[in-house]
Amino acid sequence: MSETYTLYNSTVMDHFMHPRNMGDLKDADGVGEVGAAACGDIMKISLKIKDGKIEDARFKTFGCGSAIASSSMATELIKGRSIDEAMNFTNQEVVDALGGLPPVKIHCSVLAEEALKAALEDYIRKHPETASKLQTPVPAAA
Ligand code: FES
């Protein structure tokens, strides 16, 4: 029998076929949407934040299997983290937790990092009082 999925490992396939946390959050506290110029894929992450911690996270991804798996894993990893911890989140965590991605698909995990940070920045914009309590500098608004 031929191998159907040679590009992705079983963890990536699991998150692609059975994505966790897909959808929107009603009354989200922060929403970030980013696009990858190279491929045209789009990713949106919504966050519920309570007492300085990410209480819940959801995603909607219009993109490749690797982008769907990356956003599924990223939303799993960031739940329960403080805003500061989440601001320091990197795509490498997603890649490691997925057991690796093919080199040509690493940018899909970068999209998850960027969508998360855009959602955090949206939250901080809406709650400017939180910015002064953060250890991590918040990028200036565009
Ligand atoms: Fe564009 Fe995966 S190919 S995000």
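Just follow the structure's listing: the first ligand is 1, and inside any ligand the first atom is 1. For the numbers below, each heavy atom of this structure counts, side chains included, while hydrogens, waters and symmetry mates do not.
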Check: Do any pairs count as a side-chain hydrogen bond (donor to acceptor under 3.5 Å, both in side chains) and have a residue in residues 23-41, sequence neighbours left out, and if so which ones?
Finding: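 Only D24-K44, D24-K60 qualify under side-chain hydrogen bond (donor to acceptor under 3.5 Å, both in side chains).
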Next item on the list: Could you pull out all residues at least two apart from N88 that satisfy side-chain contact (heavy atoms from CB on, under 4.5 Å)?
Entry: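 Per chain and number, N88 pairs via side-chain contact (heavy atoms from CB on, under 4.5 Å) with T136.
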Note to self: Restricting to side-chain contact (heavy atoms from CB on, under 4.5 Å), what partner residues turn up for T11, sequence neighbours left out?
What the structure shows: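 T11: side-chain contact (heavy atoms from CB on, under 4.5 Å) contacts with N9, H15, M73, L98.
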Notebook entry, point to check: What protein atoms of element N, O or S are positioned under 2.8 Å from atom 1 (Fe) of ligand 1?
Noted result: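 Near atom 1 (Fe) of ligand 1, the protein supplies C39 SG, D41 OD2.
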Next item on the list: Check whether any side-chain N or O of S82 sits under 3.5 Å from a backbone N or O of G52 as a donor-acceptor pair, and report yes or no.
Entry: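 Not a single qualifying donor-acceptor pair exists.
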Note to self: Under the criterion salt bridge (charged side-chain N to carboxylate O under 4.0 Å, His left out), I'd like the reasoning laid out for E121 against K117: C-alpha separation, chi angles, the key distance, then a yes or no.
What the structure shows: CA-CA 6 Å; E121 285 161 22; K117 290 184 176 166; over 6 Å; no
Next item on the list: Look at atom CD of Q135 and say whether more than 12 heavy atoms of other residues, nucleotides or ligands are closer to it than 6.0 Å.
Entry: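 Count not over threshold, so no.
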